[in-house]
Amino acid sequence: MRIFDPHIHMTSRTTDDYRAMYAAGVRALTEPAFWLGQPRTSVGSFRDYFDTLVGWERYRAAQFGIRHHCTIALNPKEANDPRLAGVLDLLPRYLAKDGVVAVGETGFDAMTDAEEKVFVRHLELAVEHGLPVLVHTPHRDKAAGTRRTLDLVAASGLPPERVLVDHLNEVTVRLVADSGCWMGFSIYPDTKMDEDRMVRVLTEYGTDRMIVNSAADWGHSDPLKTAKTGAAMRAAGFSADEIDQVLWRNPVEFYAQSGRLLLEDTDAEGGAAGDGWEGNSIRRGEPKDAA
C-alpha cells in the first residue's frame, strides 16, 4: 500500500514518526502552513517558518525516504491579528518556490471579516500563481462556514477542480461534492473523522475527488491514520485499486496541478519512477538547493 499524506504538519512531529510512516507505506506528503499553537507576533517569525517548510523539513523527510511538499499561507486562525497583515506581502516570494504545491491552509476559523478578507486574497494569489488551493473549514458552525467558503471560491474564478475543501464530515460532504471541488477528510483519534466513518462516506459517495489525510500536528493525532483508513477500506471490501486511488492517485492528481510534485525516484510500491508516475511529477524547472 503506497500512501501520499496530503495534509500533515511534520514540523511538530518526530523522526520516529517519519520512520513509522515509511514503514506503513508513506512515500510522499504535503505539509500545509498552519498555526503552531503559540501565537506568533511578528512577520519575521513567519519568514523563518516558511524557510523551514521549503528547506529544512524537506531535507529531514528525505532522510527517511519520504518526499516532502508544502503549501504556504497565513493560517485563518492568525488572520485576525492585525500585527500579521504583512505576512500577505511575503507570500508571493514563497509561492514561487519548488515544492510549494498549493496556497494554504486558508479559509475560516471563527468566520470573521478579517478571515474572509485574507481568504479572498489567498484565492487571488492562487489565480496569480497558477496554484491550487487547500481550504480549512471551521470546526464550529461547519455547515455555514462551508457554504460561505464555496460562495467565495465560486466568486474567485478558480475552477473547482483546483480547490480542495478540507476537514469535511457527513454534514458538509454533499455541499462540496455538488460544487465540483475536491473533498478532504482529516482522520483523528478523537475528533473530526475516524476510519469507520470515512469508510461509510466512501461507500456512499465513491472514491472520485476524495482526499484522506492524518492532519497530524502537535495535538492528539496519529500520523498513521492514512494507513489505518486503508486497512479499514480493505476490511470493508474496497479493492486494492480503490484504496490506491484514495491514498495515492487522488492526492497526486490534485497537487500535480501545481506542476511541482517531487516524486521522481520514489520507491512507492507500484509507483516508482519509470512505472508511469513520472507523468505526475511535472515540474517547473530543475530542482533548486533546498536551502
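Throughout, numbering of the chain's residues begins at 1 and tracks the sequence.
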Test item: side-chain donor near acceptor, [X] and [Y], under 3.5 Å:
{"X": "H167", "Y": "T137", "result": "no"}
{"X": "S45", "Y": "D48", "result": "no"}
{"X": "R13", "Y": "S221", "result": "yes"}

Next on the checklist: Apply side chain to side chain contact (heavy atoms under 4.5 Å, CB included) to residues I8 and N213 and explain how you reach the verdict.
Outcome noted: CA-CA 7 Å; I8 184 169; N213 64 73; over 6 Å; no
Between [X] and [Y], is any pair of side-chain heavy atoms under 4.5 Å apart?
{"X": "N250", "Y": "R209", "result": "no"}
{"X": "R58", "Y": "D98", "result": "yes"}
{"X": "K225", "Y": "V212", "result": "no"}
{"X": "T149", "Y": "H136", "result": "no"}
{"X": "T15", "Y": "R60", "result": "yes"}
{"X": "L134", "Y": "H7", "result": "yes"}
{"X": "Q257", "Y": "V101", "result": "no"}
{"X": "F238", "Y": "T207", "result": "yes"}

Any idea which heavy atoms bring [X] and [Y] closest together, and the distance?
{"X": "H68", "Y": "L262", "value": "O-CD1, 4.0 Å"}
{"X": "D109", "Y": "P138", "value": "O-CB, 3.3 Å"}
{"X": "S258", "Y": "L131", "value": "CB-CD2, 3.8 Å"}
{"X": "C70", "Y": "V54", "value": "SG-CG1, 3.8 Å"}
{"X": "L152", "Y": "L123", "value": "O-CD1, 3.7 Å"}
{"X": "D222", "Y": "S214", "value": "O-CB, 3.4 Å"}

Checklist entry - For the hydrophobic clusters of this structure (ILVMFWY residues joined by side-chain heavy atoms under 4.5 Å, transitively), does one cluster hold both W218 and Y188? => result no
Item to check | Within one Ile-Leu-Val-Met-Phe-Trp-Tyr cluster: V246 and L224, side-chain cutoff 4.5 Å | outcome: yes
Checklist entry - Under the criterion side chain to side chain contact (heavy atoms under 4.5 Å, CB included), which of V165, L164, L247 is the partner of I211? => result L164
Residues [X], [Y]: salt bridge by 4.0 Å N-O rule:
{"X": "E78", "Y": "R83", "answer": "no"}
{"X": "R200", "Y": "D196", "answer": "no"}
{"X": "D241", "Y": "R249", "answer": "yes"}

Item to check | Pair M21-T226, side chain to side chain contact (heavy atoms under 4.5 Å, CB included): steps then yes or no | outcome: CA-CA 9 Å; M21 290 163 62; T226 48; over 6 Å; no
Nearest-0.5 Å distance that lies between atom [atom1] in [X] and atom [atom2] in [Y]:
{"X": "T14", "Y": "R19", "atom1": "OG1", "atom2": "CZ", "answer": "8.5 Å"}
{"X": "L202", "Y": "R197", "atom1": "CG", "atom2": "CZ", "answer": "12.5 Å"}
{"X": "R147", "Y": "L175", "atom1": "CZ", "atom2": "CG", "answer": "6.0 Å"}
{"X": "F34", "Y": "L53", "atom1": "CZ", "atom2": "CG", "answer": "9.0 Å"}
{"X": "T52", "Y": "R47", "atom1": "OG1", "atom2": "CZ", "answer": "12.5 Å"}
{"X": "L90", "Y": "L95", "atom1": "CG", "atom2": "CG", "answer": "10.5 Å"}

Next on the checklist: Working note: E253 + W182, criterion side chain to side chain contact (heavy atoms under 4.5 Å, CB included); need CA distance, chi angles, decisive distance, verdict.
Outcome noted: CA-CA 11 Å; E253 181 179 345; W182 289 75; 3.8 Å; yes
Checklist entry - Would you say the side-chain atoms of H122 pair up with the backbone N or O of L74, donor to acceptor, closer than 3.5 Å? => result yes
Checklist entry - Sub-3.5 Å donor-acceptor pair from the side chain of Y255 to the main-chain atoms of L261, do we have one? => result no
Next on the checklist: Let's go through L168 and M193 carefully: what are the C-alpha distance in whole Å and the side-chain angles of both, what is the deciding distance for side chain to side chain contact (heavy atoms under 4.5 Å, CB included) to 0.1 Å, and is it a yes or a no?
Outcome noted: CA-CA 8 Å; L168 300 181; M193 295 286 288; over 6 Å; no
Next on the checklist: Taking the cut-offs as 6.0 angstrom to the six-membered ring centre and 45 degrees off its axis, would you call R148 and F108 a cation-pi pair?
Outcome noted: no
Next on the checklist: Would you say that more than 12 heavy atoms from the other residues, nucleotides or ligands in this model lie under 6.0 Å from the CG of D113, or not?
Outcome noted: no
Checklist entry - What orientation do Y59 and W56 show, parallel under 30°, tilted 30 to 60°, or perpendicular over 60°? => result tilted
Next on the checklist: I'd like to know whether K142 forms a salt bridge (charged side-chain N to carboxylate O under 4.0 Å, His left out) with E170, so could you lay out the CA-CA distance, the side-chain angles of the two residues, the decisive distance to 0.1 Å, and finally the verdict.
Outcome noted: CA-CA 11 Å; K142 188 174 285 288; E170 297 89 342; over 6 Å; no
Item to check | H69 and F4 aromatic centres sub-6.0 Å | outcome: yes
Next on the checklist: Holding to side chain to side chain donor-acceptor pair (under 3.5 Å), I want the full list of residues that pass it with K77, two or more places apart in sequence or in another chain.
Outcome noted: none
